[in-house]
Amino acid sequence: VNTENVSGMQQTDAQLAQTKIATKFYVVGIKKFYALFFGTLGIYIVYWFYRHWQAIKTFNQSDIWPIPRAIFLVFFTHDLFREIDRTLTSKAKNFAWPMSPMTLATLMVVVTIISNGADRISQKTEGITGWGFLSIALLPVLACGFAQAQKAANVAADDPLGARNSALSTY
């Protein structure tokens with residue numbers, strides 16, 4: 001099937017599928033999110049923040065800096081969750097946050113700080129300590145909290161299942 005795009009040129013369905021859909025948020029399937037999060041022991045969350053802020057920057061044509069917002073994510077977690085929630089509200093999309101988005105953001109910031117602190121302390125000690133265990137034990141809490149934000153972002157981006165980015169690739 002051929003369709004006509006804005007410039008009047010014909011595109012096939014395959015070409016349309018390859019066309020990047022500009023959304024305000026980074027869309028990713030939840031299973032893929034968990035696989036990447038746990039597969040990298042949580043480091044994926046820095047990339048995840050970067051991709052969200054890059055999508056927001058492109059969509060809003062703003063001058064925000066996605067890389068610092070990803071690196072210093074504890075300072076921008078509330079802003080991201082607030083932006084997702086505002087978009088859901090403006091689009092009249094129903095999403096059942098497990099708690100208020102700001103409470104969830106605060107929880108994610110506190111748990112991130114504790115987990116990172118415990119990890120730093122465990123690196124300075126020899127052998128396996130309770131600090132190392134604590135850092136690893138908090139990963140599921142972080143994964144679940146950030147996955148809730150991802151589910152909300154997927155709904156806000158009109159792709160509740162994250163279908164357009166759900167397959168794992170070789171990378």
Side-chain angles (χ1 to χ4, degrees), residues 20 23-59 62 64-88 95-157 159-171:
K20 187 174 181 175
T23 61
K24 189 173 187 176
F25 301 105
Y26 171 56
V27 173
V28 64
I30 297 303
K31 287 181 184 177
K32 181 177 180 178
F33 173 88
Y34 280 123
L36 293 171
F37 185 89
F38 286 113
T40 63
L41 295 176
I43 296 171
Y44 169 70
I45 212 65
V46 175
Y47 175 76
W48 181 82
F49 264 87
Y50 167 76
R51 288 296 307 265
H52 274 293
W53 287 116
Q54 185 62 42
I56 291 167
K57 175 182 178 164
T58 302
F59 188 85
S62 66
I64 62 172
W65 295 4
I67 292 174
R69 286 176 181 245
I71 292 170
F72 301 107
L73 61 95
V74 294
F75 299 110
F76 296 99
T77 302
H78 288 83
D79 291 341
L80 178 59
F81 284 33
R82 187 178 298 112
E83 188 70 25
I84 293 168
D85 194 51
R86 273 192 211 137
T87 302
L88 287 167
F95 181 78
W97 290 91
M99 58 189 74
S100 84
M102 294 304 94
T103 302
L104 182 59
T106 301
L107 178 64
M108 293 298 91
V109 168
V110 169
V111 174
T112 297
I113 291 169
I114 292 169
S115 178
N116 289 347
D119 186 51
R120 300 256 187 231
I121 292 170
S122 73
Q123 289 176 3
K124 295 180 183 208
T125 58
E126 291 186 29
I128 298 173
T129 65
W131 292 111
F133 178 74
L134 176 63
S135 178
I136 296 295
L138 291 174
L139 283 177
V141 175
L142 290 169
C144 290
F146 286 123
Q148 289 301 314
Q150 184 58 55
K151 289 176 186 177
N154 288 349
V155 170
D159 189 357
L161 300 177
R164 64 179 160 233
N165 185 15
S166 62
L168 286 171
S169 67
T170 306
Y171 297 114

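We're numbering straight along the sequence, starting at 1.
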field: Minimum side-chain heavy-atom gap Thr23-Phe59 below 4.5 Å
entry: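 Of all side-chain heavy-atom pairs linking Phe59 with Thr23, none is under 4.5 Å.
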field: Arg82: partners by salt bridge (charged side-chain N to carboxylate O under 4.0 Å, His left out), with sequence neighbours left out
entry: Asp79
task: Mind checking salt bridge (charged side-chain N to carboxylate O under 4.0 Å, His left out) for Asp119 and listing every partner two or more places apart, or none if nothing turns up?
output: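 Not a single residue meets the salt bridge (charged side-chain N to carboxylate O under 4.0 Å, His left out) criterion with Asp119.
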Anything under 3.5 Å between a donor and an acceptor, one on a side chain of residues 28-36, the other on a protein residue two or more places apart or in another chain? List them.
residue : atom : partner : partner atom : Å
Lys32   : NZ   : Asn165  : OD1          : 2.4
Lys32   : NZ   : Ala167  : O            : 3.1

Pairing residues for [X] by the side-chain hydrogen bond (donor to acceptor under 3.5 Å, both in side chains) criterion, not counting sequence neighbours:
| X | value |
| --- | --- |
| Trp97 | Asp85 |
| Thr103 | Ser100 |
| Thr106 | His78 |
| Thr87 | Lys24 |

Can you name the closest pair of heavy atoms from [X] and [Y] and give their distance?
| X | Y | result |
| --- | --- | --- |
| Leu142 | Phe37 | CB-CZ, 3.7 Å |
| Met108 | Gly145 | SD-CA, 3.4 Å |
| Ala156 | Ile84 | CB-O, 4.4 Å |
| Ala163 | Ser166 | O-OG, 3.3 Å |

query: Do the side chain of Thr125 and the main chain of Ser122 share a donor and acceptor less than 3.5 angstrom apart?
result: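 The answer is yes, because a donor-acceptor pair under 3.5 Å joins these two groups.
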- prompt: Looking only at atom types and distance, does a side-chain atom of Asp159 sit under 3.5 Å from a main-chain N or O of Val27, one as donor and one as acceptor?
  reply: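 It does not hold such a pair.
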Pairs where residues 132-153 contributes a residue and the test side chain to side chain donor-acceptor pair (under 3.5 Å) is met, not counting sequence neighbours: Trp48-Gln150, His52-Gln150, Gln150-Asn154
statement: The ring pair (Phe, Tyr, Trp, His ring centres under 6.0 Å) partners of Phe25 (sequence neighbours excluded) come to none
- request: Could I get the full list of ring pair (Phe, Tyr, Trp, His ring centres under 6.0 Å) partners for Phe49, not counting sequence neighbours?
  value: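 Result, ring pair (Phe, Tyr, Trp, His ring centres under 6.0 Å) vs Phe49: Phe146.
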task: Drop me the distance from Lys57's NZ to Trp65's CH2, to the nearest 0.5 angstrom.
output: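 Answer for the NZ-CH2 pair, Lys57 versus Trp65, is 9.0 Å.
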- prompt: Excluding sequence neighbours, so at least two apart, what forms side-chain contact (heavy atoms from CB on, under 4.5 Å) with Val46?
  reply: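 Counting only residues at least two positions away or on another chain, Val46 forms a side-chain contact (heavy atoms from CB on, under 4.5 Å) with Ala70, Leu73.
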field: Residue pairs passing the ring-ring contact (aromatic ring centres under 6.0 Å, His included) test where at least one lies in residues 120-142, sequence neighbours excluded
entry: none
